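The structure presented is a predicted model; accordingly, all values stated were derived computationally and were not measured. Chain A is the first sequence line, chain B the second, and so forth, proteins listed ahead of strands; every chain is numbered from 1.
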Number of protein chains: 2
Amino acid sequence: MNTKKLKEEFRAFLKKHNYKITKNRLDLIDIIANYKKHFEIEELVNYIQNTQKLASRATIYRTVKLLMDFGIIKEIIKQNNKTIYEFCTQEGHHDHLVCVSCGRIIEFFNEDIENLQEEICLKHNFLPTYHRLEIFGLCEQCLKKKQPIQEK
Amino acid sequence: MNTKKLKEEFRAFLKKHNYKITKNRLDLIDIIANYKKHFEIEELVNYIQNTQKLASRATIYRTVKLLMDFGIIKEIIKQNNKTIYEFCTQEGHHDHLVCVSCGRIIEFFNEDIENLQEEICLKHNFLPTYHRLEIFGLCEQCLKKKQPIQEK
DNA sequence: TTCTATGCAAAAATTTTGCATGTCG
DNA sequence: CGACATGCAAAATTTTTGCATAGAA
């Protein structure tokens, strides 16, 4: 992925907030943009420290928070004591189906649901910042696998 | 709250799953049913251990899981590293607006959103078990408080 | 030069678990 | 009696933090 523009915007973001532009931060945004779309922090830490020996765990945690403020990372799934993050370019918000059996994540976007949420917030004089809709269940593949057992 | 019927059902649930019917379990369902609708476990542990000296932290954690299986407790909000549970009788599912400033939780239910979710699952051959929709933002009261500051 | 970022290890916060003992069926 | 539940303390897991040092502005 070409992260040139992204990095420019991130530089601007850092400057605006009086944060320093460091090699670590620029490298991390690069690595994350090119890593899996969905990931857990621990996994990311292992990846980063096994391949390139860049940042410490503490810095990675701190940078992930920064990138959430910047808006290109979201906590999309909170299940048990795990958090799954998603790298996401600004535009494309969507929600997720999560298979509780295999962990598969299926993205979906439904304009009507989004609009209904807006309406609900208006009705409650609530100013929404972000939302998270997680639908947990069994994906197609896992359903197929389980069917034969249920037939006994 | 009259928990007689609830406890009967819980007894049946325990029997069905070959769990034992213990004083701890029956007392805990009573306490939780009469505690706050929305709560965190740590808070509940403190409450239980300060008032009646009933169960240990371990037993409370284990019982909360049981009650989730039983279906009268749900993890409705996962924010930062906190989990907020809700005591909920089987019927009334709903979702939540969460004020990130004061922590206020506003319940809402929208049939259309529920139906649309069903449709989406069907389309993906996904068998949903449960879902969680959290809308984070600012509640009416906090908005009012912040307005004057923003006007400066 | 000054202030922020970083790494490290330690601490904090939350949840789980092994094991000896108690209790239910 | 035998199996499961409980309490305790220890361990595991995930995240945060204090502090000394390095690096950006």
Side-chain angles (χ1 to χ4, degrees), chain A residues 7 10-32 38-50 52-70 73-85 103, chain B residues 7 10-32 38-50 52-70 73-85 103:
Chain A
K7 272 152 87 173
F10 189 42
R11 289 183 113 101
F13 169 86
L14 292 172
K15 207 164 263 173
K16 182 177 151 205
H17 291 265
N18 275 87
Y19 296 137
K20 293 190 169 161
I21 294 165
T22 65
K23 182 173 181 322
N24 253 328
R25 286 173 175 167
L26 294 176
D27 285 352
L28 280 174
I29 198 172
D30 240 336
I31 290 172
I32 290 174
H38 301 137
F39 61 90
E40 292 173 36
I41 288 201
E42 200 51 31
E43 194 195 312
L44 182 70
V45 170
N46 288 337
Y47 171 73
I48 288 174
Q49 303 199 327
N50 290 340
Q52 35 257 311
K53 300 211 182 305
L54 257 172
S56 67
R57 161 174 278 95
T59 296
I60 293 170
Y61 268 90
R62 290 189 271 232
T63 305
V64 161
K65 292 217 158 165
L66 254 189
L67 293 176
M68 281 204 276
D69 281 351
F70 178 46
I73 282 183
K74 284 187 193 140
E75 295 178 349
I76 53 157
I77 292 158
K78 293 256 191 182
Q79 200 188 5
N80 306 325
N81 311 312
K82 297 244 174 290
T83 298
I84 297 178
Y85 291 84
Chain B
K7 272 153 84 173
F10 191 41
R11 288 183 114 100
F13 169 86
L14 291 173
K15 209 165 264 176
K16 182 177 152 205
H17 290 266
N18 274 86
Y19 296 138
K20 294 194 167 154
I21 295 165
T22 66
K23 183 176 183 318
N24 252 328
R25 288 174 174 166
L26 294 175
D27 284 352
L28 281 174
I29 199 173
D30 239 337
I31 290 172
I32 291 174
H38 300 137
F39 61 91
E40 293 174 36
I41 287 202
E42 200 51 31
E43 195 194 313
L44 182 69
V45 170
N46 288 337
Y47 171 72
I48 288 174
Q49 304 200 327
N50 290 341
Q52 35 258 307
K53 300 212 183 306
L54 258 173
S56 67
R57 161 174 277 96
T59 296
I60 293 172
Y61 268 91
R62 291 189 271 231
T63 305
V64 161
K65 292 217 158 161
L66 253 189
L67 293 177
M68 281 204 277
D69 280 351
F70 178 47
I73 282 182
K74 283 186 194 140
E75 296 179 347
I76 53 157
I77 292 158
K78 293 257 191 181
Q79 199 187 6
N80 306 322
N81 312 312
K82 296 242 174 293
T83 298
I84 297 178
Y85 291 84

Which of dT13(D), dT6(D), dT14(C) is nearest the side chain of Asn24(B)? It is dT6(D)

Once you round to the nearest 0.5 Å, how far does OG1 of Thr63(A) lie from CG of Leu54(A)? 10.0 Å

Interatomic spacing from CD in Glu43(A) to NE2 in His38(A) - rounded to 0.5 Å: 11.5 Å

Taking only the side-chain nitrogens and oxygens of Arg57(A), find out if one of them lies under 4.0 Å from OP1 or OP2 of dC8(C). no

Can you measure His17(A) atom NE2 to dA24(D) atom C1' for me and round it to whole angstrom units? 18 Å

Please write out the pairs of protein N or O atoms and N or O atoms of nucleotides 9-12 of chain D separated by less than 3.5 Å, giving the distance to one decimal.
none

Lys53(A) NZ - dT6(C) C1' separation (whole Å): 17 Å

Can you check whether Lys65(A) has a side-chain N or O nearer than 4.0 Å to OP1 or OP2 of dT16(D)? yes

Under 4.0 Å, counting only non-hydrogen atoms across every strand here, what does Leu54(B) touch: a base, just sugar-phosphate, or nothing? sugar-phosphate

What is the ring orientation for Phe13(B) with Phe10(B), classed by angle as parallel under 30°, tilted 30 to 60°, or perpendicular over 60°? parallel

Phe39(B) and Ile73(B), any side-chain heavy atoms less than 4.5 Å apart: yes

Of the listed nucleotides dT6(C), dT16(C), dT15(D), the one nearest the side chain of Tyr61(A): dT15(D)

Between OG1 of Thr59(B) and CG of Leu28(B), what distance do you get to the nearest 0.5 Å? 8.0 Å

Looking at every strand, decide which applies to Arg62(B) at a 4.0 Å heavy-atom threshold: base, sugar-phosphate, or nothing. base

Spacing of OH belonging to Tyr85(A) relative to CD belonging to Glu40(A), to within rounding of 0.5 Å: 10.0 Å

How long is the line joining CD of Gln79(A) and C1' of dT15(C), in whole Å? 16 Å

When rounded to the nearest 0.5 angstrom, what is the spacing between CD in Glu75(B) and CE in Met68(B)? 4.5 Å

Is the shortest side-chain heavy-atom distance between Phe70(B) and Ile29(B) below 4.5 Å? yes

Rounded to the nearest 0.5 Å, the NZ atom of Lys7(B) sits from the CG atom of Leu14(B) at a distance of 12.5 Å

First of Thr83(B) and Ser56(A) reached from the 5' end of DNA chain C, by closest nucleotide: Ser56(A)

Rounding to a whole Å, what distance do you find between Glu75(A):CD and dT14(D):P? 14 Å

Value in whole Å for how far the P atom of dT17(C) lies from CG of Asn80(A): 11 Å

Taking Arg25(A) for the side chain and Lys20(A) for the main chain, is one N or O donor matched with an acceptor at less than 3.5 Å? yes

Rounded interatomic separation in angstrom, taking CG from Asn18(A) and P from dA24(D): 17 Å

Using five pairs at either end of the helix from dT1(C)-dA25(D) to dG25(C)-dC1(D), determine the angle between the two local helix axes and round it to 10 degrees. 30°

Going 5' to 3' through nucleotides 20-25 of chain C, assign each nucleotide B (protein heavy atom under 4.0 Å from a base atom), S (under 4.0 Å only from sugar-phosphate atoms) or - (no protein heavy atom that close). ----BS

Could you check how far NZ of Lys82(A) sits from P of dT14(C), rounded to whole Å? 17 Å

Side-chain heavy-atom pair Thr83(A), Ile41(A) within 4.5 angstrom cut-off: no

Answer yes or no: is there a side-chain heavy-atom contact under 4.5 Å between Val64(B) and Tyr61(B)? no

Would you kindly give the CD-to-C1' distance between Glu43(A) and dT14(D), to the nearest whole Å? 15 Å

